[in-house]
Amino acid sequence: MNDLIVHTINIAHYRLIELTKLADQAKPFYDWVEKQAKRITVSHRSLNEILLTCSKMEIAKIIKACYENVNDEKPLLFDGIGRVYPHGKACFYFFAWMIRDAPQQRLSPLISRMQKADNVTKIMAETDALVELIFEYRTLVKSFDWSALREVVIDRLEGSRRSISGHRIEANVRTSLITAIQYYYSIYGNYGKFKKIDIADKQIKLGKHTIDISVELTPKIGSGKVGLLIPVKTRETEGGGHSHLFTRDIITAISDIKKEINNYHIVAIIVAENWSASEIATLDNQIDLIFHFNMNPNKFIGFDEASQVKFNKYIEKILGGA
């Protein structure tokens, strides 16, 4: 990413770049909710117009339709480091953000009190609260347009990222992965050959090896799940023997992984200066794809445009068309 130099000082707002890129990946979820709202109200109006003018009963139907949707091929919503929320939680957070509320800090304790006070389920307490909040305060917030909500999402993602220490490199790689997946969904409205995508929210162990980021793809036809494994390697010192050791380690891991699972893809991410070109070539011959960012990890704030386009095309190839 480019520096922004003013009077010899770099004032580039890297956090804004990271957060806006991640926030933009919530747009498919917004579009999906809008489709539900149009279907419920039998209207061609925008989500903003619908929520500003529809009845309380219609708001309830829209929210419940989103919560209760059983289709596996739904868009994703995620926290500040790119971990995917379960669908019910995603709905709760999304509609709370729509009405400019704080779902975790303010609403969750109130929801718990409702459950105890009236002996209602968590979903009923959440949906009833969201209906009342939107109906009561919609004239105050004035807009449910994506451009207005986007600012709220950026703010909430920044808050969740601050509360989760470390994981900066992983968060940036996850953002690029989610960007590629959501890009596909925004075009086709589905996940191609797959009915469900599960992104692990933490590292996984395969045998004695740790994989930083992993995805499990459930096919529409057949029962054989497909894995996408993304090991991430960073070095603040320059290449040298480190590149040889990492290449050796990942080739050993690939050999061992073959014994653990049958159907998988591997993408390696390396963020390090002067990594050996011969080692990259050796590794590239063993896996699907490799991204080498020739920089100090402290300067890495995510995929550049060319790398993201390449990743988008790779994910599209795996998902296999519309």
Side-chain angles (χ1 to χ4, degrees), residues 19-20 22-71 74-80 83-163:
L19 290 171
T20 52
L22 187 57
D24 284 339
Q25 306 322 308
K27 180 61 160 55
F29 198 96
Y30 179 94
D31 292 340
W32 177 80
V33 171
E34 185 172 63
K35 288 180 181 177
Q36 310 306 310
K38 289 180 176 181
R39 178 178 60 81
I40 294 295
T41 59
V42 195
S43 168
H44 293 291
R45 293 177 299 167
S46 67
L47 180 60
N48 175 61
E49 293 172 301
I50 291 171
L51 290 179
L52 285 175
T53 59
C54 69
S55 67
K56 184 185 292 188
M57 182 177 294
E58 286 174 319
I59 295 173
K61 287 180 179 179
I62 292 167
I63 292 175
K64 289 176 182 177
C66 293
Y67 265 85
E68 296 170 359
N69 190 288
V70 296
N71 182 8
K74 296 185 285 285
L76 309 174
L77 205 65
F78 25 79
D79 66 14
R83 297 182 305 189
V84 177
Y85 291 127
H87 181 68
K89 189 172 186 178
C91 292
F92 178 53
Y93 275 41
F94 179 84
F95 285 107
W97 293 342
M98 289 281 279
I99 199 59
R100 310 330 190 245
D101 215 325
Q104 183 62 35
Q105 291 83 357
R106 194 186 87 87
L107 284 183
S108 286
L110 298 177
I111 297 299
S112 295
R113 287 167 58 186
M114 291 178 203
Q115 289 179 258
K116 294 176 182 177
D118 256 2
N119 193 29
V120 295
T121 66
K122 183 179 180 182
I123 290 178
M124 180 176 288
E126 288 180 356
T127 55
D128 287 350
L130 291 168
V131 169
E132 294 296 335
L133 286 167
I134 291 173
F135 188 76
E136 179 70 21
Y137 299 123
R138 60 186 177 180
T139 57
L140 295 179
V141 301
K142 296 186 184 300
S143 176
F144 297 108
D145 280 331
W146 166 247
S147 59
L149 180 62
R150 182 177 182 267
E151 297 303 313
V152 180
V153 174
I154 291 171
D155 181 65
R156 297 298 186 262
L157 290 177
E158 182 175 27
S160 69
R161 179 170 284 201
R162 279 200 309 266
S163 69

Undergrad: Measuring only between side-chain heavy atoms, which start at C-beta, is Ile50 closer than 4.5 Å to Ile62?
TA: yes

Undergrad: Ion pair present between Asp31 and Lys27, side-chain N to carboxylate O less than 4.0 angstrom?
TA: yes

Undergrad: Count the heavy atoms belonging to other residues, nucleotides or ligands that lie under 6.0 Å from CD1 of Ile123, then report whether that count exceeds 12.
TA: no

Undergrad: Just verifying a value: how many Å separate Tyr30 OH and Leu47 CG, rounded to the nearest 0.5 Å?
TA: 4.5 Å

Undergrad: Sequence neighbours left out, what pairs pass salt bridge (Lys or Arg N to Asp or Glu O under 4.0 Å) with at least one residue falling in residues 43-65?
TA: Lys56-Glu132

Undergrad: Is the closest side-chain heavy-atom distance between Asp79 and Tyr85 below 4.5 Å?
TA: yes

Undergrad: Going by side chain to side chain contact (heavy atoms under 4.5 Å, CB included), Arg138 matches just one of Leu133, Leu51, Ile59. Which one?
TA: Ile59

Undergrad: Distance from Gln25 atom CD to Leu157 atom CG, nearest 0.5 Å?
TA: 10.5 Å

Undergrad: Just how far is it from atom NZ of Lys122 to atom CD1 of Ile111, taken to the nearest 0.5 Å?
TA: 9.0 Å

Undergrad: Tell me whether Asn71 at atom CG has more than 12 heavy atoms from other residues, nucleotides or ligands lying less than 6.0 Å away.
TA: yes

Undergrad: So how far is it from Leu130 CG to Met98 CE, rounded to the nearest 0.5 Å?
TA: 10.5 Å

Undergrad: Taking the inter-plane angle between the rings of His87 and Trp32 on a 0 to 90° scale, is it parallel (under 30°), tilted (30 to 60°) or perpendicular (over 60°)?
TA: perpendicular

Undergrad: Please give me the minimum heavy-atom distance between Pro75 and Pro28, naming the atom from each residue.
TA: CG-O, 3.7 Å

Undergrad: Report yes if some heavy atom in the side chain of Ile134 is under 4.5 Å from a heavy atom in the side chain of Ile63; otherwise report no.
TA: yes

Undergrad: OG1 of Thr127 to CE of Met124: how many Å apart, nearest 0.5 Å?
TA: 7.0 Å

Undergrad: Return the NZ to CD distance between Lys74 and Gln36, rounded to the nearest 0.5 Å.
TA: 9.5 Å

Undergrad: Evaluate the side-chain proximity of Cys66 to Phe95: yes if any heavy-atom separation is below 4.5 Å, no if none is.
TA: yes

Undergrad: Below 4.5 Å, heavy atoms only, C-beta onward: do Asn48 and Ser143 meet side chain to side chain?
TA: yes

Undergrad: Decide yes or no on side chain to side chain contact (heavy atoms under 4.5 Å, CB included) for Cys91 and Phe29, but give the supporting numbers first.
TA: CA-CA 9 Å; Cys91 292; Phe29 198 96; 4.3 Å; yes

Undergrad: Write out all pairs satisfying side chain to side chain donor-acceptor pair (under 3.5 Å) with one or both partners inside residues 93-114, taking only residues at least two apart or from two chains.
TA: Tyr93-Gln104, Asp101-Arg106

Undergrad: Ala23 and Val153: which non-hydrogen atoms are nearest, and at how many Å?
TA: CB-CG1, 3.8 Å

Undergrad: Taking all non-hydrogen atoms of both residues into account, name the closest pair between Ala37 and Thr41 and its distance.
TA: O-OG1, 2.7 Å

Undergrad: Minimum heavy-atom separation for Val131 and Ala60, please, with both atom names.
TA: CG2-CA, 3.4 Å

